[in-house]
Amino acid sequence: MKDSPHIYIGSAFVAGVVLSIAFKELLYPELEERIREYRACRSINPKQTLQDGPTDALLARHGPPAIVEGIEGCIGNTPLFRIKSLSDATGCEILGKAEFLNGAGQSSKDRVALSMIEIAEERGILTPHSGDTVYEGTSGSTGISLATLARAKGYLAHICMPSDQAIEKSNLLLKLGAIVDRVPPAPIVEKNNFVNRARALAQAHGHSSTEDSTGEPVPQRGRGFFADQFENEANWKAHFEGTGPEIYAQCNGSLDAFVAGAGTGGTISGVALFLKPKIPNLNVVLADPQGSGYRRRRQIDTIVEGIGINRVTANFEAGRELIDDAVRVTDAQALAMARWLVEKDGIFVGSSSAVNCFAAVKTAMKMGPGHRIVTVLSDSGSRHLSRFWAQAGDVGGAVDTKLEDVLNATED
């Protein structure tokens, strides 16, 4: 045999072929399945739920994003970043969930709008390109997300909003092709409240008509769907299935507090419902603007738009028992924080995000150095120019604001 090395080579070749076949038949299917699961975890499917796979790696995407289907595929898996100035000033790691980078309406409401539309489609309430119209009462951001996604998915949008909200919101809605009603502010118990008006219009859809060019009545096509973000459980579920798992994965399960405001209550409830069972000692803190009724204070006006609980909604009730604390934030403090974030970090956000960041700082100071706190940066300051940022003013050039100035800000 030693004189026939070709026999060894031939035998080795045959053995290699046999082993390769055995490997492919016995091990390759399992390996291939694991690779598929791994790749699935690296790209975001907006329809994926918690039951589809392990949550620890569910939404922790690395590297360049995958190609997605339509603008709705650009929603979710937003960055979580360290807010350097606040972290350095408090000794805690304060992280901001950059919801203003959602790809449809550029706010956290993209998740909610997509969830409400998709669940309505699953239940046969909405049918694309049938003339169906989505109605909603909103302070702005939910309407913008709904108007964007309605166009993307083959619907029309009719948005009712209080007339005291920033004018750029309604202007943007009109550019997105929505019908917009700016109605005088009114309590929820009144017929003319913006939410009640949207509900009534949805119910009347199909029973009313418009006029054509000859003046003849033309019945409305399709059905009217009232999205009802305040009471629709698709709201908090969007954050339970998306925002919460993302935060958990991005933090590797290690965080000490979650801070968020509540307009509908969907964000704080959905995230808390996901995180609390996994992190029992997590401190869930409500960022409470001065116009909110959460602590049964006398109702007063506020320039903060989009958050502030004046009634217990179904979405807020879903996670209310998980809220451990609430931090009151005045308008002056929100304005000062918004200016601070631009001055120190170049972060330009809206009023609700400024409230969240202020409450995150107060939470950090209460907990002490060394803790990790996550809050939500809901939307950009660009849709708050005419109201909130008009009062905040220009940041200016060489300034050196101290954190104490922000914490002690007053109306003066």
Side-chain angles (χ1 to χ4, degrees), residues 46 70-76 78 97-118 120 126 132-183 185 194-195 197-198 201-202 225-230 232 234-235 238-239 242-243 261-264 266-267 303-308 315 348-354 356 376-389:
I71 196 170
E72 57 268 36
C74 301
I75 297 172
T78 54
K97 183 70 167 154
E99 289 294 277
F100 59 85
L101 293 179
N102 276 300
Q106 289 83 56
S107 80
S108 58
K109 296 301 184 180
D110 277 1
R111 301 176 187 268
V112 176
L114 183 62
S115 177
M116 292 191 298
I117 288 176
E118 289 187 336
L126 285 175
D132 289 352
T133 299
V134 179
Y135 291 83
E136 183 61 307
T138 167
S139 62
S141 289
T142 304
I144 292 168
S145 296
L146 281 171
T148 304
L149 290 168
R151 283 291 173 174
K153 294 175 72 64
Y155 307 107
L156 299 175
H158 191 133
I159 305 301
C160 300
M161 62 187 300
S163 58
D164 61 353
Q165 302 299 290
I167 191 68
E168 53 266 29
K169 294 182 180 180
S170 55
N171 288 344
L172 179 55
L173 284 165
L174 291 170
K175 297 297 186 290
L176 290 169
I179 298 172
V180 182
D181 288 341
R182 289 179 67 95
V183 300
F194 65 103
V195 175
R197 177 168 174 76
L201 288 170
F225 167 62
F226 176 48
D228 198 12
Q229 61 169 326
F230 291 91
N232 192 332
N235 184 338
H239 297 289
T243 319
T264 63
T267 302
I303 60 169
V304 174
E305 300 178 4
I307 60 172
N315 281 286
F348 183 54
V349 291
S351 55
S352 59
S353 302
N356 288 345
V376 179
L377 305 181
S378 307
D379 62 5
S380 166
S382 60
R383 60 182 58 167
H384 297 265
L385 292 174
S386 65
R387 194 160 182 256
F388 179 78
W389 271 101

Exercise for review: Can you label the angle between the Phe194 ring and the Phe230 ring as parallel, tilted or perpendicular, going by 30° and 60°?
Suggested key: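 It falls in the perpendicular class, over 60°.
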
Check your understanding: If we only count heavy atoms from C-beta on, is the His158 to Leu156 side-chain gap below 4.5 Å?
Key -> no

Give me the atom names and distance for the closest heavy-atom approach of [X] to [Y].
X: Arg383; Y: Gly105; value: NH2-O, 2.6 Å
X: Ala227; Y: Val134; value: CB-CG1, 4.3 Å
X: His384; Y: Gly350; value: CD2-CA, 3.5 Å
X: Phe226; Y: Ala198; value: CE1-CB, 3.9 Å
X: Ser351; Y: Phe388; value: CB-CD1, 3.4 Å
X: Lys169; Y: Gly140; value: CD-CA, 3.8 Å

Practice item. For Asp379, enumerate each residue passing the salt bridge (charged side-chain N to carboxylate O under 4.0 Å, His left out) test, keeping only those at least two apart in sequence or located in another chain. Key: none

Hey, could you give me the [atom1]/[atom2] distance between [X] and [Y], rounded to the nearest 0.5 Å?
X: Leu385; Y: Ile167; atom1: CG; atom2: CD1; value: 12.5 Å
X: Ser141; Y: Lys109; atom1: OG; atom2: NZ; value: 7.5 Å
X: Ile75; Y: Ser107; atom1: CD1; atom2: OG; value: 9.0 Å
X: Leu146; Y: Leu173; atom1: CG; atom2: CG; value: 9.5 Å
X: Asn356; Y: Lys97; atom1: CG; atom2: NZ; value: 14.0 Å
X: Lys153; Y: Ile71; atom1: NZ; atom2: CD1; value: 12.0 Å

So, the side chain of [X] versus the backbone of [Y]: is there a donor-acceptor pair under 3.5 Å, distance only?
X: Gln106; Y: Ala104; answer: yes
X: Ser378; Y: Ser353; answer: no
X: Ser145; Y: Thr142; answer: no
X: Arg151; Y: Ala157; answer: no

Point to revise | Step-by-step side-chain contact (heavy atoms from CB on, under 4.5 Å) determination, Cys160 to Leu201 | key: CA-CA 10 Å; Cys160 300; Leu201 288 170; 3.8 Å; yes

**Study point:** Residues that Ala238 engages under side-chain contact (heavy atoms from CB on, under 4.5 Å), provided they are two or more places apart
**Key:**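 Applying side-chain contact (heavy atoms from CB on, under 4.5 Å) to Ala238 gives Arg111, Ser115.
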
Practice item. Output, in order, the C-alpha distance, side-chain angles, deciding distance and verdict of side-chain hydrogen bond (donor to acceptor under 3.5 Å, both in side chains) for Asn232 and Gln229. Key: CA-CA 5 Å; Asn232 192 332; Gln229 61 169 326; over 6 Å; no

Review point. Do Glu168 and Asn171 have side-chain atoms, one donor and one acceptor, less than 3.5 Å apart?
Key: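 No, no side-chain donor-acceptor pair sits under 3.5 Å.
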
Point to revise | Steps toward side-chain contact (heavy atoms from CB on, under 4.5 Å) verdict (Asn102, Thr78) | key: CA-CA 6 Å; Asn102 276 300; Thr78 54; 3.6 Å; yes

